[in-house]
2 protein chains.
Amino acid sequence: MPHDNRRPLTLRDVSEASGVSEMTVSRVLRNRGDVSDATRERVLAAARELGYVPNKIAGALASNQVNLVAVIIPSLSNMVFPEVMTGINEVLEDTELQPVVGVTDYLPEKEERVLYEMLSWRPSGVIIAGLEHSDAAKAMLESSGIPVVEIMDTDGKPIDAMVGISHRRAGAEMARAILKQGYQRIGFMGTKMPLDHRARKRFEGFTEVLAKNGIEIEDRDFYSGGSALAKGREMTQRMLERSPELDFLYYSNDMIGAGGLLYLLDNGIDVPGQVGLAAFNGVELLQGLSTQLATMDACRREIGQMAARIIAGRQAREETEDHVTLMPKITYGDTLRRR
Amino acid sequence: MPHDNRRPLTLRDVSEASGVSEMTVSRVLRNRGDVSDATRERVLAAARELGYVPNKIAGALASNQVNLVAVIIPSLSNMVFPEVMTGINEVLEDTELQPVVGVTDYLPEKEERVLYEMLSWRPSGVIIAGLEHSDAAKAMLESSGIPVVEIMDTDGKPIDAMVGISHRRAGAEMARAILKQGYQRIGFMGTKMPLDHRARKRFEGFTEVLAKNGIEIEDRDFYSGGSALAKGREMTQRMLERSPELDFLYYSNDMIGAGGLLYLLDNGIDVPGQVGLAAFNGVELLQGLSTQLATMDACRREIGQMAARIIAGRQAREETEDHVTLMPKITYGDTLRRR
DNA sequence: CTGCGCTACGTTACCGCGAACATCGGGGTC
DNA sequence: GACCCCGATGTTCGCGGTAACGTAGCGCAG
C-alpha cells in the first residue's frame, strides 16, 4: 500500500520491506552489478508495493553524475525550435540522457540567468542556440568543464562544439538564385534584428551578394510581435503600395513570407511573374498552401540530432566530429521563377 | 581567474578565497540570514572571480527543497502546448520556481516514464495535461505528496487541482451554433483519437447535440502525422468528392480546418454559403488568412497561467481556487454564416 | 563594570544515495 | 582437503550543501 505518512520514502524503506541492504536495492533499481533473480524480484515487488520513486538528487550527489542535458533556446513559439527539440529527443531517447529546456526570449540577460540556473544542476551537457553570448555566459560555459554544443549557426568560433548552417551563406545563396532568375528590384522584410543574430547574418550575406552585383535593396521593413502571418500580409501590402516597382520580396522567415504570398494571391498579383518571393526555414506547415513558397531548409531536425549525438558521444567517451556545418538547399517552389 | 583544475569548485573554495566560513558564503549566495554588507561584497567578489556556480543538487538534498515544476505535455509541435508554456512561464517568472518540460507524444507508457523521471527529482509541483492517466501514473502522483494540477480538460475528476475547459461542452456549443445557422448535413474530420481524449470529448459533445436534434454526422475521416494544413486539404477534397451533399465541415483542430478552408477557396467553393466550416483552438497564426475560420478559443495561455498560479500559491501556503473551468467563446469568423 | 540583547558569523549533524571495497559462501581444480 | 575464484551481498564513507543551533563581539542601560 502506498504508505501515506508524511515521511518520504527512501531506499531504507524498500530495503527493510524486502529484507536486503540498501545497496542491493540501489543495485536492483539501477540494473547494475550482480543481483540474483530471486532478490531482484523481491526488491522490485517491494518497491512497487510501496510506490517508491528513487531520489535522483541524492543519487546525483553521490555519483557526481546527472543525466540531464540543458537545452537553451530563444523561443518555443515559432516552430523552429520545437523541431530542433524533436531531433534532440529522437537521439536522447536511446540514451540515459534527458533534455531540460530553458527559454531565453532572445534576451541576453535572460540567457545568462537561465544558463546559471541550468549549470547549477550540473548537467551532462549543454546545447545552446547561437554563437553570441554575453561574456559572463561564455565564461560560465568555458569554466563549467561540461560539453557545450552551440547550434543553428556556424558563422563564428564556438566555445566547444557547434552544429548548424552558415546563415551568411544561406542569405548569399538565395541572393544569387534570385539574381540568376533576373529579378533586380528587391525588397526585404524581417524581424527587428538586433538580437536575432542569425536573421542578421542572413541579411548581411544577402546584401553582400547583391552589392557585388551592383544592386541594392530598394525597400525594407521590420516588425516585432504579433501573428507573423498577419504581419506578413500587412507589411507586404504597405511595401508594394510604397514601392510598386519592386519585382522581388525576400522575407526573413517563412511565416511572414506566407502572409505576403497570401496577400499577393488574394489580390490577383502574378507570382512569380510580376513579383517573386522567397523566405527562409522550410516549415512543414506551409506545405498545405496551394502555391509553394521558395525557401531554404534550415536543417533544424538534423541539427538537433547531431547536437544530441555529440553530447551522447562525449558521455560515452567516443570521439565525434564536433564542428559540423550542414548545407541547406534552396527549394524553388512556385514563387521563384526559373529561367 | 576562473581556475581550471579538474576539481570542481565548491563553497569551500569560495569560503577560502574570501576568508569566511562556508555557511556565510551560502548565506550570501542565497540572500538569506544576516550578513554584513562588507563581507557580502567580499564573498560576491570572490565567487565572481572564481566563476563559482552553486550546486543545486547538494542544496536541494540538504534543504529538501527543489524549485522545479514538472510540466508534462503530449507534444511541442502543434502550437497549443507552447502557448500553455508561455502562460506558465509568465507566472513563474516572478517566483523562484522553474518549469521543466517533459513530452509524452500522447503515449500513456511514455507519460508514465516521463513522470517517474520527473518525480525522481522531487519537484515542487506537477502540471500535467489531461485527466486520463495510467493507474500507475495516478498512484505515483497521489502518493508523491506534491501539488498536482491537471490542465486543459475538466470533464472528469482530478487527482488534486485542475484548470481547463469542458471539451464536451465546447463540442456541444459548436454543434448548437451550427444547427442554429441552419446547416444540416455535417461532415467531421480530425485526428485518430484513441489517445487524444480531449478531441474525443469534443467529438462526443458535438454528436450528442446533433443526435438530440435528430441529426447524424454523414461522413467522417481521421488522419495521423504529416503537415496538418496539407492533410486538411487532402481530406477535405476527398470528403467532398465522396459526399458532395455536405453543407458543413467540422474539424477537430484549426490547422486542418485552415487546410480545408484554403482548399475550398482555391476551388471557388462558396464559404460559408455552400459549405460552412468550423474548427477548434483559436490559433493566432491563422489571423493572417483572408477568410477567418470559425473556431473556439481553448484559453491556452490562461490555463497555463492559472495552473502556475496554483502551484506557486501552494508553495506560499496560500489558499487558491483549485478547480477552475474556463468558458471558451465561439469566434464566428467568416465561415459560419449568421442568420 | 555587569549583564542583556542583538548582529554577524561559525559548528555540527545530517540529507539519501552510490563508489569502492570488504565479506561470505559454495563449487571447481589439483 | 586445501586452495582459489567468483558471484552475490553488505559496510563505510563522503558527495556539497543547508537547518538549526551555538557563540563572539559590540553597544548600551543601569
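Numbered from 1 within each chain, the chains take letters A, B, ... in sequence-line order. Treat the numbers as computed from the prediction; the structure is a model and nothing was measured. Values reported hereafter were calculated over all heavy atoms of this structure, with side chains retained and with hydrogens, waters and symmetry mates removed.
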*Got a salt bridge between A:Arg12 and A:Glu16, using NZ or NE/NH1/NH2 to carboxylate O under 4.0 Å?*
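Salt bridge present between A:Arg12 and A:Glu16.
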*CH2/B:Trp121 to CG/A:Asn55 distance, rounded to the nearest 0.5 angstrom?*
8.5 Å
*Under 4.0 Å between a side-chain N/O of A:Thr10 and OP1 or OP2 of C:dG16, yes or no?*
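No.
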*For D:dG17, does OP1 or OP2 lie under 4.0 Å from any side-chain N or O of B:Tyr52?*
yes
*Testing A:Thr154, A:Ile127, A:Val149 for side-chain contact (heavy atoms from CB on, under 4.5 Å) with A:Val163, which one passes?*
A:Val149
*side-chain hydrogen bond (donor to acceptor under 3.5 Å, both in side chains): pairs with one or both residues in residues 79-89 of chain B, sequence neighbours excluded*: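 Every pair satisfying side-chain hydrogen bond (donor to acceptor under 3.5 Å, both in side chains) with a residue in residues 79-89 of chain B: B:Glu83-B:Arg300.
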Listed pairs, N/O of protein and of nucleotides 7-10 of chain C, under 3.5 Å:
residue: C:dC9; atom: OP1; partner: B:Ser36; partner atom: OG; Å: 3.3
residue: C:dC9; atom: OP1; partner: B:Thr39; partner atom: OG1; Å: 3.2
residue: C:dC9; atom: OP2; partner: B:Ser36; partner atom: N; Å: 2.5
residue: C:dC9; atom: OP2; partner: B:Ser36; partner atom: OG; Å: 3.2
residue: C:dC9; atom: OP2; partner: B:Thr39; partner atom: OG1; Å: 2.8
residue: C:dG10; atom: OP1; partner: B:Ser21; partner atom: N; Å: 3.1
residue: C:dG10; atom: OP2; partner: B:Ser21; partner atom: N; Å: 2.7
residue: C:dG10; atom: OP2; partner: B:Ser21; partner atom: OG; Å: 2.5
residue: C:dG10; atom: OP2; partner: B:Thr24; partner atom: OG1; Å: 2.4
residue: C:dG10; atom: N7; partner: B:Arg27; partner atom: NH2; Å: 2.7
residue: C:dG10; atom: O6; partner: B:Arg27; partner atom: NH1; Å: 3.1
residue: C:dG10; atom: O6; partner: B:Arg27; partner atom: NH2; Å: 3.2

_Does any part of the side chain of A:Gln315, heavy atoms only, come nearer than 4.5 Å to the side chain of A:Thr95, both counted from C-beta?_
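Not touching, per the 4.5 Å side-chain cut-off.
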Give every pair of a protein N or O atom and an N or O atom of nucleotides 25-27 of chain C that lie under 3.5 Å apart, one pair per line with the distance.
none

In whole angstroms, how far is the [atom2] atom of [N] from the [atom1] atom of [X]?
X	N	atom1	atom2	result
B:Ile57	D:dG16	CD1	C1'	10 Å
B:Trp121	C:dG16	CH2	P	16 Å
A:Arg12	D:dG10	CZ	P	12 Å
A:Lys56	C:dG18	NZ	C1'	13 Å
A:Leu29	C:dG18	CG	P	8 Å
B:Asn55	C:dC15	CG	P	18 Å
B:Leu11	D:dG17	CG	C1'	6 Å
A:Arg42	D:dA8	CZ	P	14 Å

*Got a sec, which residues hit side-chain hydrogen bond (donor to acceptor under 3.5 Å, both in side chains) with B:Arg309, two or more places apart in sequence or on another chain?*
none
*Taking only residues two or more places apart in sequence, or in another chain, which ones meet B:Glu93 in a side-chain hydrogen bond (donor to acceptor under 3.5 Å, both in side chains)?*
A:Lys110
_For DNA chain C, which residues of residues 60-69 of chain B approach it to below 4.0 angstrom with any heavy atom?_
B:Leu61, B:Ala62
*Among A:Lys201, A:Arg198, A:Lys138, A:Lys157, which one satisfies salt bridge (Lys or Arg N to Asp or Glu O under 4.0 Å) with A:Glu132?*
A:Lys201
*Take atom CD of B:Glu319 as the centre, draw a 6.0 Å sphere, and report whether it contains more than 12 heavy atoms from other residues, nucleotides or ligands.*
no
*asked:* Quick one, A:Arg27 with A:Arg40, criterion side-chain contact (heavy atoms from CB on, under 4.5 Å). Give me CA distance, side-chain angles, the key distance, then yes/no.
replied: CA-CA 9 Å; A:Arg27 278 193 269 254; A:Arg40 153 165 291 114; over 6 Å; no
*Atom of A:Pro8, atom of A:Asp13 and distance for their closest heavy-atom approach*: O-OD2, 4.0 Å
